[in-house]
Amino acid sequence: MRPIRLIPLLQQASAQALADRYGLTLDPATLVVQRTSRDHTGDYTLVLFPLMKHRLGSPEAIGQTLGQDLLDRLPDTLAAFDLVKGFLNLTLTPAAWCRWLHFALAEPEAALRLDLGSGQKVMLEFPSPNTNKPLHLGHLRNLFLGDSLTRILTAAGFTTIRANLYNDKGIHICKSLLAWQREGCQTPEQSGLKGDHLAGKYYVRFDQLLREQIEQLKAQGLDEEQAKAQAPLQQEVQELYRRWEAGDPAVVEPWRQMNTWVYAGFEQTFRRLGLPPFDVNYYESETYLRGREIVEEGLAQGVFFRKPDGSVWIDLSDEKLDEKLVLRSDGTSVYITQDLATAELKYQQFGIDRSIYVIGNEQDYHMKVLIATLKRLGKPYAEGMYHLSYGMVDLPTGRMKSREGTVVDADDLLDEMTATAAAATAELGKTESLDAQSLESLHHSLGLGALKYFLLKVDPARRMVFNPEDSIDFKGHTGTFIQYTHARTAALLRKADEQGYRPQPVAAPEPLAGAELDLVRQLYHWPDALAEAVRDYSPAVVANYAYDLARAYSRFYTEAPVLKADTVAQRDFRLLLTALTRQHLATVLGLLGIEAPDRM
RNA sequence: GGCACCGUAGUUCAACGGAUAGAACGGAGGUUUCCGGAGCCUCAGAUACAGGUUCGAUUCCUGUCGGUGCUACCA
């Protein structure tokens with residue numbers, strides 16, 4: 001048995017019915033089938049208005065015949081139809097959704113997954129940090145998106161590869177390095193700082209020192225521009241970068257040392273965030289040379305052109321992307337030069353079908369240019385490249401600015417979240433049986449869960465706001481609420497087990513109404529929700545599904561006693577629903593990278 | 001200036017072109033002798049503005065206003 005996606009099933013059946021009755025051939029996917037809105041009877045609704053343009057008759061006439069045709073075609077699935085204006089509301093048979101419930105109980109692994117990918121290889125690149133400062137809130141959105149999307153695609157039958165690209169070369173890296181060397185070359189051990197924080201400290205320090213020099217020069221009568229250009233530190237750092245490019249061991253060695261520390265710091269944070277290791281790490285310091293060769297090839301092909309000063313460009317003005325530099329006049333590479341090489345390397349190493357770049361929307365233009373350029377170069381893999389562009393995480397006052405000290409540090413934020421979770425858990429008082437270690441790991445998973453959910457529930461494309469003042473919530477539409485609901489299902493199942501009751505694939509007592517029915521509907525909707533998340537590359541769809549399920553269960557829980565149900569049939573069925581809710585919540589939270597505790 | 005993205009309750013978010021625009025937080029009010037009250041139930045509260053396309057527009061198009069980003073021989 002395979003997971004049943006009801007929306008495509010109903011689209012297919014409707015398309016065939018229309019073909020047979022009216023000789024009308026339509027792509028089933030174009031038929032509008034959606035969940036029936038609350039306040040109307042039915043489970044799924046076929047919207048008939050779009051069919052009007054084919055002049056088959058009135059919506060009422062089509063609806064009546066189509067409704068009957070569907071009932072005849074899917075007798076095991078459809079119980080009734082109800083026509084309201086141009087909406088054909090379809091009600092499923094209890095037998096249909098019981099099949100699904102029983103299947104999910106027996107084979108949750110199979111039932112909660114899909115095979116949309118047929119093993120296609122997808123690489124996801126994230127978070128691709130610079131190696132001169134620690135990770136912040138923006139990286140967290142990136143990391144959680146990339147991680148969650150990898151899990152979602154895997155669950156949908158794709159073979160996924162996690163890739164990280166370190167932006168480890170450039171003048172900004174040299175800034176940290178320079179300040180660090182000037183001020184004593186401390187190791188992380190000596191400073192008591194994680195490697196990434198150490199580098200970050202000196203990046204900030206460089207800026208301070210440079211600022212001071214600029215102010216001095218301005219006091220001597222220079223204007224801002226001149227002061228910037230003439231500041232000794234500015235010249236020093238440029239010189240340092242030149243020596244790095246030239247391979248001077250006196251620069252390369254300490255650079256390597258510092259990066260090693262930074263990577264160790266990042267690794268530590270990744271682990272704390274519950275992220276699996278990356279399958280492959282790329283380093284711009286290793287790919288930029290190959291980029292120049294690609295530029296040479298492009299020149300030979302006539303895709304690029306050389307300006308009199310020797311710089312190399314691509315003209316994308318007919319795609320409204322303007323002219324873009326791909327190689328400097330001195331022959332050194334720019335950002336995009338390296339990206340050309342990395343894109344090729346990924347394809348050569350893994351033979352990927354799709355390459356997803358999880359990168360902020362500030363780089364929309366850059367990514368358009370990159371993909372357009374590779375297409376011009378005739379690279380076959382360009383077609384499979386996709387920029388998953390996500391919005392920045394802003395503060396209520398606007399963008400985070402390191403200069404103003406408003407950057408929300410990833411490690412600090414996680415500490416805070418964990419502490420808050422600990423306080424809330426102690427207050428609830430349900431965790432006396434846990435030892436200190438389990439308790440600590442629980443607080444961690446609650447704090448982290450709240451943070452992940454907060455960042456994932458929003459449509460990736462949207463810019464979102466984080467207000468440090470009123471911290472991330474543990475009540476309402478939160479990961480915590482979903483985890484809490486899971487813990488309640490677990491508690492109930494424990495209690496049932498003590499009394500000798502186990503979830504069984506029983507039939508539904510009829511008729512079902514209210515919260516019970518809503519819960520059932522939410523459960524069998526899962527495969528369609530997963531498919532939607534894959535189509536849109538959106539963990540937010542999964543996050544919102546999880547919330548809706550948790551809410552449906554909470555209402556059910558209040559309204560319908562399980563162990564104290566009136567009849568045995570009711571008790572057994574409600575126990576089944578509880579077991580399935582638990583499975584679904586655990587699986588769905590897992591796709592968001594969030595743990596599902598049994599008590600909290 | 002050019003290009004791109006975005007304007008939905010006080011605030012943070014939902015709504016493949018479909019039915020009376022859903023939630024959460026905050027506010028007001030209820031709910032615990034009953035399986036876990038981080039819950040459940042009421043109430044008040046929103047599509048920036050003006051046109052257009054459509055049977056139907058928060059959604060698509062045009063314009064206006066407002067916000068953000070990109071537009072570096074930085075990465």
Side-chain angles (χ1 to χ4, degrees), chain A residues 7 29-30 32-34 36-40 45 47-50 52-53 59 84-87 89 128 130 132 167-173 241 284 307 309-313 320-322 324-330 332-336 338-339 360-366 368 389 391-392 394 396 398-399 421 424-425 427-430 446 454 457-459 461-467 470 473-478 480-481 483-485 487-496 499 515 532 535-536 540 544 547-548 550-551 554-555 557-559 561-565 574 578 599-600:
Chain A
I7 290 174
T30 61
V32 181
V33 175
Q34 57 201 25
T36 301
S37 79
R38 240 177 129 66
D39 312 329
H40 288 87
T45 296
V47 184
L48 299 168
F49 296 109
M52 290 308 96
K53 61 178 178 238
V84 182
K85 293 187 285 182
F87 300 94
N89 298 325
S128 305
N130 291 331
N132 61 343
N167 294 298
D168 61 343
K169 69 176 277 273
I171 204 122
H172 54 299
I173 312 291
Y241 187 44
E284 291 208 328
K307 289 195 175 176
D309 64 3
S311 59
V312 180
W313 299 71
K320 290 170 81 171
L321 293 174
D322 217 334
K324 188 74 188 170
L325 177 88
V326 295
L327 201 66
R328 294 195 189 100
S329 51
D330 63 6
T332 59
S333 59
V334 290
Y335 186 28
I336 198 162
Q338 308 161 36
D339 278 354
N361 62 12
E362 58 194 349
Q363 297 200 36
D364 284 355
Y365 171 68
H366 171 78
K368 275 186 196 167
S389 166
M392 298 288 102
D394 283 330
R399 199 167 179 168
T425 306
E427 201 175 318
L428 188 59
K430 293 282 178 185
L446 293 177
F454 177 82
K457 74 174 178 186
V458 181
D459 176 359
R462 275 181 65 117
R463 159 188 186 268
M464 64 183 291
V465 175
F466 170 71
N467 188 349
D470 46 43
D473 230 314
F474 287 80
K475 290 191 301 194
H477 187 178
T478 64
T480 314
F481 169 59
Q483 289 174 312
Y484 175 73
T485 307
R488 288 168 114 188
T489 61
L492 184 51
L493 290 165
R494 274 198 302 273
K495 191 157 288 190
Q499 298 177 16
E532 188 186 333
R535 184 196 65 195
D536 296 346
N544 286 308
Y547 176 66
D548 289 340
R551 271 187 98 222
S554 288
R555 277 198 224 103
Y557 187 87
T558 305
E559 202 173 287
V562 178
L563 297 176
K564 295 171 183 159
R574 289 172 183 175
T578 300
R599 55 188 92 218
M600 59 190 270

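To find a chain, count down the sequence lines: A is the first, B the second, and so on, and within it residues start at 1. Reckoned from all heavy atoms, side chains included, excluding hydrogens, waters and symmetry mates.
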Looking across every strand, which nucleic acid part, if any, lies under 4.0 Å from [X] by heavy atom: base, sugar-phosphate, or nothing?
| X | answer |
| --- | --- |
| A/V562 | base |
| A/V47 | base |
| A/N89 | base |
| A/S554 | sugar-phosphate |
| A/T45 | base |
| A/E284 | sugar-phosphate |
| A/A487 | base |
| A/P396 | nothing |

Which listed nucleotide ([options]) is nearest to the side chain of [X]?
| X | options | result |
| --- | --- | --- |
| A/V465 | B/U12, B/G36, B/G18 | B/U12 |
| A/K430 | B/A38, B/G36, B/C16 | B/G36 |
| A/K564 | B/A75, B/G36, B/C35 | B/C35 |
| A/M600 | B/A38, B/C70, B/A4 | B/A38 |
| A/K495 | B/G36, B/G39, B/A24 | B/G36 |
| A/R488 | B/A14, B/C74, B/G39 | B/G39 |
| A/Q34 | B/G18, B/A24, B/A38 | B/G18 |
| A/R535 | B/A4, B/G36, B/C16 | B/C16 |
| A/Y365 | B/C13, B/C40, B/C70 | B/C70 |
| A/P561 | B/A38, B/G36, B/C35 | B/C35 |

Pick the closest RNA chain B nucleotide for A/A491 and for A/N361 by heavy atoms, then say which residue is nearer the 5' end.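 The residue mapped nearer the 5' terminus is A/A491.
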A/N544 or A/I171, whichever maps to the more 5' nucleotide of RNA chain B: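 Per heavy-atom nearest nucleotide, the more 5' residue is A/N544.
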Do the non-hydrogen side-chain atoms of A/T480 and A/M600 ever get within less than 4.5 Å of each other? yes
A/Q499 CD: over 12 foreign heavy atoms closer than 6.0 Å: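 Above 12, so yes.
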Is it the case that atom NZ in A/K307 sees more than 12 heavy atoms from other parts of the structure closer than 6.0 Å?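 Enclosed.
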Would you check if the distance from the ring center of A/H366 to the ring center of A/Y335 is below 6.0 Å?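 Centroid distance A/H366-A/Y335: below 6.0 Å, so yes.
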Would you please indicate yes or no on a ring centroid separation below 6.0 angstrom for A/F87 and A/F49? yes
[X] side-chain N/O to [N] phosphate OP1/OP2 under 4.0 Å:
| X | N | answer |
| --- | --- | --- |
| A/Y335 | B/A75 | no |
| A/Y557 | B/C40 | no |
| A/R551 | B/A24 | yes |
| A/R574 | B/C35 | no |

Answer yes or no: side-chain N or O of A/T478 and base N or O of B/A38 forming a donor-acceptor pair under 3.5 Å.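 Side chain to base: no pair below 3.5 Å.
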Look at the side chain of A/H40 and the base of B/A19, then say whether one donor and one acceptor between them are separated by less than 3.5 Å.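 A donor-acceptor contact between them is present.
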Hey, can you tell me if A/Y547 and A/H477 have their rings parallel, tilted or perpendicular (30° and 60° cut-offs)? parallel
Would you please determine if the base of B/A19 is stacked by A/F87, with stacking meaning a centroid separation under 5.5 angstrom and planes under 30 degrees? yes
Does B/A38 have A/F474 stacked on its base, where the ring centres are within less than 5.5 Å and the planes differ by under 30°?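 Here the ring of A/F474 and the base of B/A38 are not stacked, as the 5.5 Å and 30° limits are not both satisfied.
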Who pairs with [N] - Watson-Crick or G-U, where each distance is under 3.5 Å:
| N | result |
| --- | --- |
| B/G69 | B/C3 |
| B/C16 | none |
| B/G29 | B/C41 |
| B/U62 | B/A50 |
| B/G56 | none |
| B/A9 | none |

Could you tell me the separation between the [atom1] atom of [X] and the [atom2] atom of [N], rounded to a whole number of Å?
| X | N | atom1 | atom2 | answer |
| --- | --- | --- | --- | --- |
| A/L492 | B/C35 | CG | P | 11 Å |
| A/F481 | B/C25 | CZ | P | 10 Å |
| A/R462 | B/U8 | CZ | P | 7 Å |
| A/R399 | B/C6 | CZ | P | 17 Å |
| A/D459 | B/U8 | CG | P | 14 Å |
| A/R555 | B/G36 | CZ | P | 20 Å |
| A/K475 | B/A24 | NZ | P | 13 Å |
| A/L428 | B/A38 | CG | P | 5 Å |

Working to the nearest 0.5 Å, report the span between CD of A/Q483 and OG1 of A/T478. 8.0 Å
Could you give the distance separating [M] and [N] at their [atom1] atoms, to the nearest angstrom?
| N | M | atom1 | result |
| --- | --- | --- | --- |
| B/C43 | B/G69 | P | 41 Å |
| B/A4 | B/U20 | C1' | 36 Å |
| B/U54 | B/A14 | C1' | 25 Å |
| B/G66 | B/A23 | P | 35 Å |
| B/U59 | B/A15 | C1' | 9 Å |
| B/U58 | B/G18 | C1' | 13 Å |
| B/G27 | B/C65 | P | 39 Å |

Just checking, any donor-acceptor pair under 3.5 angstrom between side chains of A/N89 and A/T45? yes
Within 45° of the six-membered ring axis of A/W313 and under 6.0 Å from that ring's centre, is NZ or CZ of A/K324 located there?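 The answer is no, since A/K324 fails at least one limit relative to A/W313.
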Do NZ/NE/NH1/NH2 and the carboxylate oxygens of A/E362 and A/R399 come within less than 4.0 Å? yes
